[in-house]
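Computed from a predicted model, the values in this text were never measured in an experiment. Here is how names work: the chains are called A, B, and so on, in the same order as the sequence lines, proteins then strands, and each is numbered from 1.
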Amino acid sequence: MINFEYARARDVADAVRQISADPAATFIAGGTNLIDLMKYDVARPMRLIDITHLALKTVEETANGGLRIGALVPNSDLAYHPVVEKRYPLLSSAILAGASQQLRNMASTGGNLMQRTRCFYFYDVATPCNKREPGSGCSAINGINRINAILGTSEACIATHPSDMCVALAALEAKVHVAGPAGERAIAFAEFHRLPGDRPEVDTNLKADEIITAIELPARGFAANYSYLKIRDRLSYAFALVSVAAALELEGGRIKEARLALGGVAHKPWRNAEAEAALRGQPAKSDAFARAAEILLRDAKGFAHNAFKIDLARRAILRTLAQAANATPQIQSSKKIR
Amino acid sequence: MTYIGTPTPRVDGRAKVTGSAQYAGEFTAPDLVYGSVVTSTIAKGRIARIDASQALAVEGVLDVLTHENRPKMASGDKGYNDEVAPTGSPFRPLFDDKIKFNGQPIALVLAEEWEISRFAATLVQVDYDAETHSTDLHTRIDKAYMVEKPDKPRGNAAKAHAAAAVRHEAEYYIPIEHHNPMELFASTVTWNDGGKLTVFDKTQGVQNVQRYICGIFGLKPDDVRVMSPFVGGAFGSGLRPQYQVVLAVQGALQLKRAVRLVLTRDQMYGLGYRPATIERVAIAARNDGTLDAITHEAIAMTSQYEEFSRNDTSWSALLYKSANAKYEHKLARLDVPTPSDMRAPGAATGVYALECAMDELAVALKLDPVELRLRCYSDRDQNNDLPYTSKQLKECYRKGAEAFGWAKRTPEPRSMRDGTDLVGWGMATGVWEALQMPMGNRIVLTANGHAEVSCATSDIGTGTYTIMAQVASDALGLPIDNVTVKLGDSSLPHSQVEGGSWTAASVAYAITTTADEIRRELLALAQKMPGSPLAGLKHDDVVLSDGMIVAKAAASRSVPLADAMRHGGVERIEREKLSEFKEDNKHARNTHSAIFVEVKVDEQLGVIRVTRAVNAVAAGRIINTKTAASQIMGSVVWGIGMALHEETLVDHAFGRVMNANIAEYHVPVNADVHDIKVIFVEEPDSTVNPLGIKGVGEIGIVGVAAAVANAVYHATGKRVRDLPITIDKILG
Amino acid sequence: MDDPTSRSRFRPEATSKPREISVTLHVNGEQRTLAVAPWTTLLDALRDRLHLNGTKKGCDHGQCGACTVLIEGRRVNACLTLAVMKDGAHITTIEGLSADGALHPLQQAFIDHDAFQCGYCTPGQICSAAGLLAEGKAKTADEIRELMSGNICRCGAYPNIVAAIQQAMGAMGSKS
């Protein structure tokens, strides 16, 4: 860990001012990923700006029936928030599928979006990695890539985004509210995270001088028919090999509205409008689920050790959609898959 | 006996639940300096240039030690030897410019604060002359060479295989596994007046470390005291002295100050590990389930500089009756650190292969797996043609099967279900040795009825403190609260390293033989009392009980030990004795177990859960049914990890471990573990040693991974022979 | 966005000792004021500065839970917490759980059920369990297992840990 300076931000404007003034600075909130990366010498900010004192800790219902979640609301508080549990149980479930209770107590809502990949090579400064050292090469493509991406990869990077919460947020079509020197703006969740392309060092479309202030959920919460299913190498406290967030609105046994997002398979939570469109109007049955899975995974490409994820993802999609359709969502404390 | 055989709570329990138990990296000194290690990023070659100038420029950095400026070290291999070292030329930390493995220590940064040393360590610049390395066992199989003949072949295995009615042959694979004890490897070395060192070390053998440090640095035993009162898990990783203790001593000698060096978790992947091993097992059987031949070949990895090998193969025809048997053990040299003992070394891997092979044979013969094992049950150690001191394995099968409900198993794979889960029931046999070692012990009894019992052994979580207190309490007839145990200090009476499951039997024997002498002295004192009720008795005619010397023949004839001592004007009786076991070449000494496991596998997704396990163990007399059950339970958890989770991933292009952390090297977490039932089968044994103790540290893991793998086969019909059994292998 | 953490931005001139910042921590009911550098974690401050070694370092990366302490009654990983960010916080470590020499019901239950072997993960397990009881989300054994999965026990005492927590849950529940 390098020798860095520490500063506190008083409010959002102060935070923006401070980050704009120092390109080598970065924000810290929960610190669960940043401190980890700093200890491995992967992240080397010269200055940490502590934003934990900012007034971004409330969860409020919005005028249009949605929910506005302050960027500093801890993951655990969000998961157990009565409104979230009742109206957005998919989000609750996805949060509880990730990390440990200790980490969820520390991690912030905004910070969860800013998590960096768990790719082995990104974490090991002794190996080349384009995300960590642009231009140094991707070691994972021909290395140990069992945990890496099968969708949206580039020749420069096959890393995945590790968040569970973000998969649910993608499915719920959240909006990310940010503030910067030019004022505030909202980023659609699908536009927040990037694909690696030829600039894998850039994870998101958040600008260097911007701060996440809130996540806004639309009114539609899919509370009746949803499920978050996470498949991993042990039954808890492990990152996803594949995860699926499924949310349906049913009407007379037919699918009126559908959302489907994958985690653990790409540089961002993976959605495909065509796959969701293929579900709409169909009976909530396996034929339709299989078609959606086929579309969603159409462009999947496996590497030496992770090709299994394609079949695993297909199976997980079928199961999660069935769980959602049957209103038997996966319960994260029960390891029996429903 | 009041305490032996009971579930006595740990005597060090309070220290552990209140946080007052102190581990190696937690001792301090006013002049404490913190160290951080720089490790190599290539697997083979030389350090062309190492530049510490940037690191030295950091305020608070006191020194940076490398092979160029470290204190003087022994120049010959002998100086680096240790009690557990295999054949070869031991690794010498910071000795020269040669790089022998990726993650090798190449510099030690010493600073006033730990964070400063950690930062400065990132500033040490290294240029290498790299050479082509080789870290993949699979590419070196043809270069593997025979290192030993584990046991004599018998009969003609090849001929028997050729003529067999039913033959099963398969190859099994166990990847590299790392111990990952929760405590980071650490040493705190204090430098005292005139250069005497006190070394607080994470080790399973304080005297082994003492001799090792003296050998390397040419120090006298009186000048080096090694202490290790608490060890945060080791599982074999602390048997050999690890490099951090050498570096910490180097720092202390260089600065003449106290140095604390705590390795990082990723650096611990540069220490020992269970070697990746290929196991080839062939079994020739008759249709009735009796065996004609077993052949077991193991090919394991070792380093370029040492030959590490353990007995993987000869468990096969030790366990099952077979007229013909053949064993081979080969090693492939790779550019890696030397492997090390890891819980049940050799057996955890070799018996995994054997017991999966037996399961496959049972399928081929259409025999129940337990029934097959009974049909080739052996009452003798066939390798050496000896009877066992005791062997209650049949009872393990019976009790284990009964507790598990094995009779309800339907034999066909995929025949048992629970909703969307396929249910699988698998079993396996476990076997380990009942080893025992010469052990010293000192007892100091004071007239107030208090005893201090001491020995330089360790308690790595195994419960040594507690069983020593139990055995001493019973031998001296004192309440356990009146007994203090000292261990983990090289200045105490002799002890081998704590491992191999030999500590319980050895230390208990040492305590009882030392207590015999105390009793002899007490009786002599009592008999000097006027009108002594014990007059004329021999020391074997009395016992110590409830603070009294009591005639065996009549409990009414007794003398309080305080009276005897005070009458004789003796305030304390001190006895120290090195106890050695009588040589016995006429018996085989082994522990056995039968493990039964239930798995539930989601049919669509291949997710495996181990929902139940029963481990029935025959290991002689159990000193403490509580702590011993915990050891077996923990071993079952290890077996689950071995079967389903654990694998050190090496990128062979870099020759480097890529999951050197415990987020991506998966060990079981709480959610992975459900009901584990431990059964200790009665196994009276007056031959193995007077108390009939055999030890339980290893036996609990042996066979568990096979039982899980066999259960997965029974559930799914899929036979996965390379561990760990992950989802991709189930679906693939 | 540009990655502000890139190695290329590293400034090697930052070789002077970090500026220390005064923080006040309320540790186990005691007010402790100390000057710490920004890079000092709460875990290192507790162990190296306050000599409260009950809180353990098992990985230093939030992967094992051995460093679990309670901040404002909530369980967190002290290894990923910077001390400077916790000015004014109320922290409970394993040393603060037992009052006046009497063991906390969890501590007693861990002894009763032999819920540890080497003892190194134990303070973190117990603090984590104290957090779990305060949260009130775990009722069943399955829920305890899941919500205790952030605390690795390499000795494999998990079933005994679950039993100990259930015992303490009963004992504390019947008291209230």
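- Within the 4.5 angstrom heavy-atom criterion, atoms from both the backbone and the side chain of B/R14 approach chain C.
- Side chain of C/K56 to main chain of B/G19: no donor-acceptor pair is present (N/O by atom type, distance under 3.5 Å, no hydrogens or angles).
- Side chains of B/Y23 and C/N53 form no contact here, defined as non-hydrogen atoms less than 4.5 Å apart.
- Taking both residues in full, the closest heavy atoms of C/T40 and B/E115 are given as OG1-OE2, 3.1 Å, listed atom of the first, atom of the second, then distance.
- The part of B/V637 that comes within reach of chain C is its side chain, from C-beta onward, which places non-hydrogen atoms under 4.5 angstrom from that chain.
- The most heavy-atom pairs under 4.5 Å with chain C, out of B/Q631, B/R260, B/Q22, B/H674, come from B/H674.
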Worksheet item: C/D44 and B/W114: side-chain hydrogen bond (donor to acceptor under 3.5 Å, both in side chains), yes or no, with the steps?
Response: CA-CA 9 Å; C/D44 290 328; B/W114 133 252; 2.9 Å; yes

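- For B/V673, the parts lying near chain C are the backbone and the side chain together; criterion is any non-hydrogen pair under 4.5 Å.
- Taking every heavy atom of both residues into account, C/Q117 and B/G461 meet most closely at CB-O, 3.1 Å.
- For a residue to count as touching a neighbouring chain, one of its non-hydrogen atoms must lie under 4.5 Å from one of that chain's; by this rule B/H179 touches chain C with the backbone only.
- Side-chain contact check for C/R47 versus B/V262: every heavy-atom pair is 4.5 Å or farther apart.
- With respect to chain B, the highest number of heavy-atom pairs below 4.5 Å among C/D60, C/T41, C/L103 belongs to C/L103.
- Comparing C/S98, C/C64, C/G58, C/A115 by heavy-atom pairs within less than 4.5 Å of chain B, the highest count is held by C/G58.
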Worksheet item: Do C/Q63 and B/E664 pass the side chain to side chain contact (heavy atoms under 4.5 Å, CB included) test, and can you show the C-alpha distance, the side-chain angles, and the key distance before you say yes or no?
Response: CA-CA 9 Å; C/Q63 303 166 349; B/E664 297 295 347; over 6 Å; no

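- For chain C, the option among B/A234, B/P668, B/G25 with the highest count of heavy-atom pairs below 4.5 Å is B/P668.
- For B/Y665, the part lying under 4.5 angstrom from a heavy atom of chain C is the side chain only.
- In this structure, the portions of C/D114 lying under 4.5 Å from any heavy atom of chain B include both its backbone and its side chain.
- The two residues B/I460 and C/C118 have their closest heavy-atom pair at O-CB, 3.5 Å.
- Ranked by non-hydrogen atom pairs under 4.5 Å with chain C, the options B/E112, B/E113, B/R265 are led by B/R265.
- Comparing B/T627, B/T462, B/I640, B/I676 by how many heavy-atom pairs each has under 4.5 Å with chain C, the most go to B/T627.
- Of the atoms belonging to B/T264, not a single heavy atom falls under 4.5 Å from chain C.
- Listed here is the closest heavy atom pair of B/E26 and C/Y120: OE2-CE1, 4.1 Å.
- Within the model, atoms CD of B/E59 and OG1 of C/T15 stand 8.0 Å from one another, a figure rounded to the nearest 0.5 Å.
- For a residue to count as touching a neighbouring chain, one of its non-hydrogen atoms must lie under 4.5 Å from one of that chain's; by this rule B/D672 does not touch chain C.
- For chain C, the nearby parts of B/I116 are the backbone and the side chain; heavy atoms of each come within less than 4.5 Å.
- Annotation: B/K677, atom NZ; neighbour count of heavy atoms from other residues, nucleotides and ligands within 6.0 Å does not exceed 12.
- Residues from residues 141-163 of chain C that place a non-hydrogen atom less than 4.5 Å from a non-hydrogen atom of chain B comprise C/D142, C/R145, C/E146, C/M148, C/S149, C/I152, C/R154, C/C155, C/G156, C/Y158, C/P159, C/N160, C/I161, C/V162, given in numerical order.
- Residue with the most contacts toward chain B among C/G119, C/C121, C/G54: C/G119 (heavy-atom pairs, distance under 4.5 Å).
- With a 4.5 Å cut-off on non-hydrogen atoms, B/A21 touches chain C through its backbone but not through its side chain.
- When side chains are defined from C-beta on, C/F110 does not count as touching B/K16, because their heavy atoms never get closer than 4.5 Å.
- Contacts with chain C were tallied for B/D459, B/V636, B/V58; B/V58 has the most, counting heavy-atom pairs under 4.5 Å.
- Only the side chain of B/P9 comes within contact range of chain C, with at least one heavy atom under 4.5 Å from a heavy atom of that chain.
- Side-chain atoms of B/T18 and C/Q107 form no donor-acceptor pair, as typed in the model, at a separation below 3.5 Å.
- With a 4.5 angstrom heavy-atom cutoff, C/K17 touches chain B via backbone and side-chain atoms both.
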